[in-house]
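Step one of this worksheet: look at the structure below.
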Amino acid sequence: MRVIVFGGGVVGVTGAYYLACEGHEVTLVEKQRQLSQDATSGNAGLIAPGHSYSWASPAAPRMLLQSLGGKATAIRVKPSLDPELIRWGIRFLRECPRPRAERNTVVKLRLCRYSRELLRQLVRDEGVDYGHSTEGVLYLYRDAEELELAYMKSELLRKHGEDQQVIDADACVEREPALQRVKDKIAGAVLGREDFSGDSELFTNGLAERCRELGVEFKLGTAVHRLEAEDDRVTGAVCDGGVLRADAYVLSLGCDSPAISRTVGQRLPIYPAKGYSATFPIDDGQEPPVCGGVDEATLVAWANFGDRLRMSSTAEFAGHSRSWSERDFANILRMARELLPNAADYSRGAFRACLRPMTPGGPPIIGRGRHRNLIYNTGHGHMGWTMACGSSKIAADLIAGRRPEIDITGMEVP
Ligand SMILES: Cc1cc2nc3c(=O)[nH]c(=O)nc-3n(C[C@H](O)[C@H](O)[C@H](O)COP(=O)(O)OP(=O)(O)OC[C@H]3O[C@@H](n4cnc5c(N)ncnc54)[C@H](O)[C@@H]3O)c2cc1C
């Protein structure tokens, strides 16, 4: 079968890989001249089913109100009359009551756990190097009461098989020597023993090499502008350079997926959540962390990519702009100097902002809408690196007419 995959981020490239492994003739269309230049290149690098909690939670409405009142919260909204944001925001609020939040968390967790296993398998099979660490991920708390609450909250994940342990400050330092000097500032952590971290940009480019060997054609510097459809089938894609046709199409355009799906009448509830991402060189003599982590007080996440330390934070609902100023990184730099003071050279940071493709409830959208030969594999929000292998394998199963290996209820096209 001829299949076109739209989007050259981690989701599009893993999609192309699983399709090519099945013997399909695959073309990947990416508007940038290089792959993985968007969310894939700026994320925190955590493969973290242990952080599957839905953002739409009972605590979220209060945080959003505080943000609208000007407080510097981890999730922020820029007041705006953008109808897309208003529609999305109403759906987000509907997902906040506890039963819905828990259901969404469990749906995400199921996909994340499946995906983590597939990623391990893929790396074993293909030997893709991605600067990874397998030492677990620390969800770090400075306050003992909050740590206890976090462990209670993690019962939902533990009930569904995730290995989460609570460890005190001594055990944190044993696991993560980079925290030795600041031991008195932390209460302890929830340790996600099976979680790990790595550079999704490096992974995506490494996997793309393998895809080329499998015959995938990469059309870089080629934007898709709209799809064409007749009845219940997509018949072509209007791209730079002309119309491309195939038997099946997979849409993995991150935050731009709704703009293209709309051209064949399919609305997708995906809105960008801007995050800030900083990368610092690690020099000889420094003490970089060995595990990935999240400082739950500031929601700054970090991962060691070998020669670089990645840190990211903040979710800002402010449209499609990727603009940033120095001020946006104050939170990251403060946390870095407080908790990991000698981990990297903080005077030589590379800064950027990028967009998480968020659905209101959190689970991505995987499956068919009104067109039989168009598969959506998009809307992975804050966990697309973790979910990419799982969701792309599911997309390949659906194209092959096979039942996916996990239950995909809760990820359907709305
Ligand atoms: C600050 C931050 C921290 C994060 N941390 C983590 C983390 O620790 N762990 C985790 O699992 N996830 C994390 N994420 C989320 C993760 O990065 C994303 O969910 C994931 O990268 C989404 O991948 P994607 O391929 O769907 O989208 P993208 O990487 O955005 O790729 C979409 C691609 O589509 C292309 N495209 C768009 N429009 C067109 C068009 N018209 N024609 C052709 N091509 C087009 C774009 O150029 C881009 O290459 C984080 C995200 C951010 C922003």
Side-chain angles (χ1 to χ4, degrees), residues 4-16 28-52 108 111-112 115-116 119 137 195-201 203-204 219-227 237-240 244 250-261 263 270 272-279 292-294 299-303 310-316 320 322 324 328 332 351-359 362 364-366 376-392:
I4 299 177
V5 177
F6 300 107
V10 65
V11 175
V13 173
T14 47
L28 185 143
V29 173
E30 164 56 51
K31 71 177 175 185
Q32 308 273 1
R33 297 204 168 277
Q34 286 173 299
L35 295 166
S36 60
Q37 293 306 293
D38 217 323
T40 297
S41 67
N43 65 49
L46 302 181
I47 303 293
H51 230 216
S52 292
K108 287 168 69 188
L111 175 60
C112 285
S115 193
R116 183 175 59 194
L119 174 60
V137 169
D195 291 347
F196 52 100
S197 63
D199 182 347
S200 61
E201 181 181 2
F203 170 84
T204 305
K219 284 191 178 293
L220 301 181
T222 304
V224 54
H225 299 290
R226 64 185 163 85
L227 302 178
V238 179
C239 299
D240 288 337
L244 299 177
V250 182
L251 198 75
S252 300
L253 294 172
C255 291
D256 292 327
S257 292
I260 300 303
S261 72
T263 63
I270 294 172
K274 178 156 68 167
Y276 298 104
S277 169
T279 312
V294 180
L299 288 182
V300 175
W302 64 84
R310 170 68 50 79
M311 289 186 164
S312 84
S313 84
T314 314
E316 202 170 278
H320 289 256
R322 290 170 178 79
W324 58 270
D328 297 315
I332 291 182
F351 301 109
R352 56 173 305 187
C354 42
L355 306 178
R356 304 171 182 90
M358 296 296 297
T359 61
I365 297 168
I366 313 174
Y376 297 93
N377 182 17
T378 190
H380 296 71
H382 68 118
M383 301 216 67
W385 170 211
T386 306
M387 292 171 171
C389 290
S391 72
S392 294

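Since this is a predicted model, take the numbers as computed values, not measurements. Indexing begins at 1, ligand by ligand and atom by atom, following the structure's order.
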Within this structure, what is the [atom1]-[atom2] distance for the pair [X] and [Y], rounded to the nearest 0.5 Å?
X: E30; Y: L220; atom1: CD; atom2: CG; answer: 7.0 Å
X: T263; Y: H225; atom1: OG1; atom2: NE2; answer: 11.5 Å
X: R322; Y: R352; atom1: CZ; atom2: CZ; answer: 8.0 Å

Atom of [X], atom of [Y] and distance for their closest heavy-atom approach:
X: C112; Y: S52; value: SG-OG, 3.7 Å
X: A273; Y: A315; value: CB-CB, 4.4 Å
X: D195; Y: G50; value: OD2-N, 3.1 Å
X: Y276; Y: I332; value: O-CD1, 3.7 Å
X: R310; Y: G42; value: NH1-C, 3.5 Å

Looking only at protein heavy atoms, identify the closest one to [atom] and say how far it is in Å.
atom: atom 27 (O) of ligand 1; answer: G254 CA, 3.8 Å
atom: atom 37 (C) of ligand 1; answer: D256 OD2, 3.1 Å
atom: atom 50 (C) of ligand 1; answer: N43 CB, 3.1 Å
atom: atom 20 (C) of ligand 1; answer: G384 CA, 3.8 Å
atom: atom 24 (P) of ligand 1; answer: V11 CG2, 3.8 Å
atom: atom 29 (O) of ligand 1; answer: T40 OG1, 2.6 Å
atom: atom 47 (O) of ligand 1; answer: E30 OE2, 2.6 Å
atom: atom 41 (N) of ligand 1; answer: V224 O, 3.0 Å

* **E201 and Q34, any side-chain heavy atoms less than 4.5 Å apart** => no
* Indicate yes or no: at least one non-hydrogen side-chain atom of V13 is less than 4.5 angstrom from one of T40. => no
* **Flag if over 12 foreign heavy atoms under 6.0 Å of CZ, R226** => no
* Of N377, I270, I260, which meets side-chain contact (heavy atoms from CB on, under 4.5 Å) against L253? -> I260
Winner among [options] once heavy atoms are compared against [atom]:
atom: atom 45 (C) of ligand 1; options: V5, L253, I270, V294; result: L253
atom: atom 30 (O) of ligand 1; options: V13, T14, D38; result: D38
atom: atom 12 (N) of ligand 1; options: H382, R352, R322; result: H382

Strictly under 4.0 Å, does any heavy atom of [X] approach an atom of ligand 1?
X: T222; result: yes
X: G45; result: yes
X: G381; result: yes
X: C354; result: yes
X: T378; result: no

Which ligand 1 atoms are under 4.0 Å away from a heavy-atom of [X]?
X: S312; value: 1 (C), 3 (C)
X: T386; value: 9 (N), 10 (C), 11 (O)
X: G7; value: 34 (O)

* Between the side chains of N43 and H382, is a donor N or O closer than 3.5 angstrom to an acceptor N or O? -> no
* Asked: Would T378 and S257 count as having a side-chain donor-acceptor pair, cut-off 3.5 Å?
  -> yes
Can you check whether [X] has an N/O within less than 3.5 Å of an N/O in ligand 1?
X: L46; value: yes
X: K31; value: yes
X: M383; value: yes
X: Y276; value: no
X: R356; value: no

* Looking only at heavy atoms, is any part of M387 under 4.0 Å from ligand 1, and if so is it the side chain, the backbone, or both, or is it neither? -> neither
* Report the part of A44 in contact with ligand 1, treating N, CA, C, O as backbone and CB onward as side chain, heavy atoms under 4.0 Å; options are side chain, backbone, both, neither. => both
* **NZ/NE/NH1/NH2 to OD/OE distance under 4.0 Å, K274 and D328** => no
